[in-house]
Amino acid sequence: MTLNNGTPSSHGPTAGAARTPGYAGTLAAACGAVFTAQVANALPASLNGLFQQDLDTHGSQLTWITSAFMIAVVCFEFTFGILGDLFGRRRLVAAGTTLVAVGSTVAALAPNVQTLWVGAALNGLGAGAMFPGSLTAITAVTRSARQRVHAVALWSGCLSAGAAVSPLIGGAFARVGSWRGSFWVLVGLAVASVVLTLLLLAESKSAEGRKFDVAGQATFALGLVLVLYGAVEGPESGWDAGPVVGAFVVGGLLLAVFVAVELRAEAPILDLRLFRNRAYAVSSVVAVIGMLAFLGSCFATSMWLGPVQHQDPLRVAVPFLLLQGPAFVLVPVVSRLLHRVAPTWLLSAGCALMAAGAFLATGLDVTDTGLGAFVAPALLIGTGFALTVSSMTAVALDSVPPRLAGMASATTNMLRDLGFALGPVVVGAVALSHAGSAFAEKLPTAGLPADQLGAATAIGRTGGPIAVNSLPPDAPGAAARALALDALGSGFTTAFLICGIAATAATALTLVGMLGTRKAAAPATEPLEPAAA
């Protein structure tokens, strides 16, 4: 039998796997790191309502809290993969975790939303190093397909466990004190993770052929930031506003230049030859679309329960146990399925479940503050995510030779996180644009007194319906709160619909694009070539 990289295999069930040095310690430290990174990522989910009240934020400013984190992750994940290959994954993970501790301190002390953006961006930079560094560190110490699949499944489960626990941390501290306390807890987690990394994570490198691609990194980062800036600001500034149009045009040109640069680069940060493998290419596109649907649904849920319905942060956290928890609880099941079921069926089934959950969420009533209606949609979306996140990662890593594991894992993480970054941006743009248009259209004919109409119109122009919906009962313009609530409900219902359509598209792409590809993980009798260390 021959591996996909042409290396002849040895015989025996898992030859050499039991003798892998540092495997258990590396797996523990890597899982601790990705857990911490995901706590940092998901912490704002239950706190958006409090951010709005304490820091006087409006719609796009709330979107930027989540987007600042994910944009930082996506923009520099390529380069972090190279840094890990050149200088060592343990150093990279430790440095990233230290940066999360710094960013969380900034967020905990933030006097305004702009400072909170800075803290979120620093956390994103740290997580951007931790995601590829921890995943590639695992692949460097695995010696068999079975060992690798189990490790990746556990890594993915810890990623989701962090996301599930994080809103509970935020909600609990908001209940007993302040949302700032949850960021101090994150500081403590980051410090503990640094210690665990330095003590247990086996150092590994893969420096062969790896060089910095300054032109590629610069054009990719600037282009992506500008495009996402236009998408976030468009709903409130207007899609025809000069800065928004300019951001789209210049950002699109820079991304086109990025592709041209990578095709000619001696050592590209993104080797486009990776996408010649159909399984890798399809799983990459599905990663973007599917994760857009998933985190878009999560963001819509957070906004629906928080700034729209103004529910208690601890109640906001409850649906996230169903959205994120299954990916951790089902780790053993998914790990076994990856040995027995073709990736076509795992990926398509997961995306189909996410689509069903998002479509079901379009039936939610914005005036109903009960959590029961969220159970079925959240559980379907969470179970679908559990099936997709591990299977797409396993397909990607198993599709390339070990010498490209650093680039492949960085690229896979970047594409998944690009979907995560696009989710809140797309959902925010769709929901706030739709809500703003509906509110502006219905307000003049709502029969409000002149003073209330004038105040509501002015507030709606500056902060959108989400600002009107948050007015105190006796404030000028508060008579339009019910109208604003209805508009926001309509807007986020449309956002859930978009998420359902995206997940359906990912299902179809998987079924059509991956026909005939082999299973994501090779049989356990097929050991892998040891990764460079």
Side-chain angles (χ1 to χ4, degrees), residues 36-77 79-80 95-131 162 166-167 169-170 173-174 178-191 193-194 217-218 220-233 236-237 243 247 251 295 299 302 306-307 417-418 420-425 428 463:
T36 301
Q38 274 298 86
V39 170
N41 181 13
L43 197 56
S46 62
L47 302 176
N48 280 319
L50 295 182
F51 294 151
Q52 183 190 24
Q53 296 172 14
D54 293 353
L55 302 177
D56 194 26
T57 61
H58 54 76
S60 66
Q61 290 179 332
L62 291 172
T63 303
W64 275 117
I65 296 172
T66 300
S67 296
F69 182 98
M70 291 310 310
I71 290 172
V73 170
V74 174
C75 284
F76 297 100
E77 213 159 6
T79 294
F80 283 135
T97 313
T98 302
L99 198 54
V100 167
V102 174
S104 300
T105 301
V106 172
L109 299 173
N112 51 49
V113 71
Q114 289 79 13
T115 307
L116 191 57
W117 295 343
V118 174
L122 290 174
N123 281 346
L125 284 173
M130 295 161 73
F131 286 137
S166 186
I169 294 174
F173 274 87
S178 168
W179 57 266
R180 300 177 187 276
S182 59
F183 283 101
W184 289 119
V185 172
L186 181 54
V187 172
L189 280 175
V191 171
S193 181
V194 170
Q217 174 64 81
F220 177 75
L222 290 174
L224 185 61
V225 167
L226 286 172
V227 169
L228 293 180
Y229 169 83
V232 172
E233 292 298 321
E236 292 187 2
S237 299
L295 204 66
F299 184 72
S302 170
D417 293 333
L418 177 59
F420 285 156
L422 289 173
V425 170

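None of these values were measured; they are calculated from a predicted model.
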Item to check | A101 backbone acceptor or donor facing T105 side chain under 3.5 Å | outcome: yes

Checklist entry - Would you call L62 and F51 a side-chain contact if the rule is heavy atoms closer than 4.5 Å? => result yes

Checklist outcome for this item: Scanning both residues in full, the closest heavy-atom pair of S166 with A42 reads OG-C, 3.4 Å

Next on the checklist: Can you confirm whether the side chains of Q114 and W64 place a donor and an acceptor under 3.5 Å from each other?
Outcome noted: no

Which donor-acceptor pairs under 3.5 Å do side chains of residues 221-232 form with protein atoms, sequence neighbours excluded?
none

Next on the checklist: For a quick test of reading the model, state the closest non-hydrogen atom pair linking T36 to L189 and the distance between them.
Outcome noted: OG1-O, 3.9 Å

Next on the checklist: When you compare the side chain of W179 with that of L43, does any pair of heavy atoms fall below 4.5 Å?
Outcome noted: no

Next on the checklist: A side-chain contact here means heavy atoms from C-beta on lying under 4.5 Å apart; do L116 and F183 qualify?
Outcome noted: yes

Checklist outcome for this item: In terms of heavy-atom contacts, R180 and A107 come closest through NH1-O, 4.1 Å

Next on the checklist: Determine whether a donor-acceptor pair (N or O, by modelled atom type, separation under 3.5 Å) exists between the side chain of Q217 and the backbone of C75.
Outcome noted: yes

Next on the checklist: Distance check, rounded to the nearest 0.5 Å: F299 atom CZ versus F420 atom CZ?
Outcome noted: 15.0 Å

Checklist entry - Nearest heavy-atom pair of M70 and N41: which atoms, and what distance? => result SD-OD1, 3.6 Å

Item to check | Non-hydrogen atoms of T63 and G428 that approach each other most closely | outcome: OG1-CA, 4.4 Å

Checklist entry - Judged by atom type as modelled, is there a donor-acceptor pair below 3.5 Å linking the side chain of S182 to the main-chain atoms of G170? => result no

Checklist entry - Could you go step by step and tell me if W117 and Q61 meet the side chain to side chain contact (heavy atoms under 4.5 Å, CB included) rule? => result CA-CA 9 Å; W117 295 343; Q61 290 179 332; 3.8 Å; yes

Item to check | 4.5 Å side-chain heavy-atom contact, N112 and T115 | outcome: yes

Item to check | Distance in Å, L47 CG paired with I65 CD1, rounded so as to fall on 0.5 Å steps | outcome: 9.0 Å

Next on the checklist: Among N123, L125, V39, which residue satisfies the side chain to side chain contact (heavy atoms under 4.5 Å, CB included) criterion with V100?
Outcome noted: N123

Checklist entry - What closest approach, in Å, do G124 and V73 show between heavy atoms, and which atom pair accounts for it? => result O-CG2, 3.1 Å

Item to check | W184 side chain near L109 side chain, heavy-atom distance below 4.5 Å | outcome: yes

Item to check | Distance in Å, D54 CG paired with S178 OG, rounded so as to fall on 0.5 Å steps | outcome: 6.5 Å

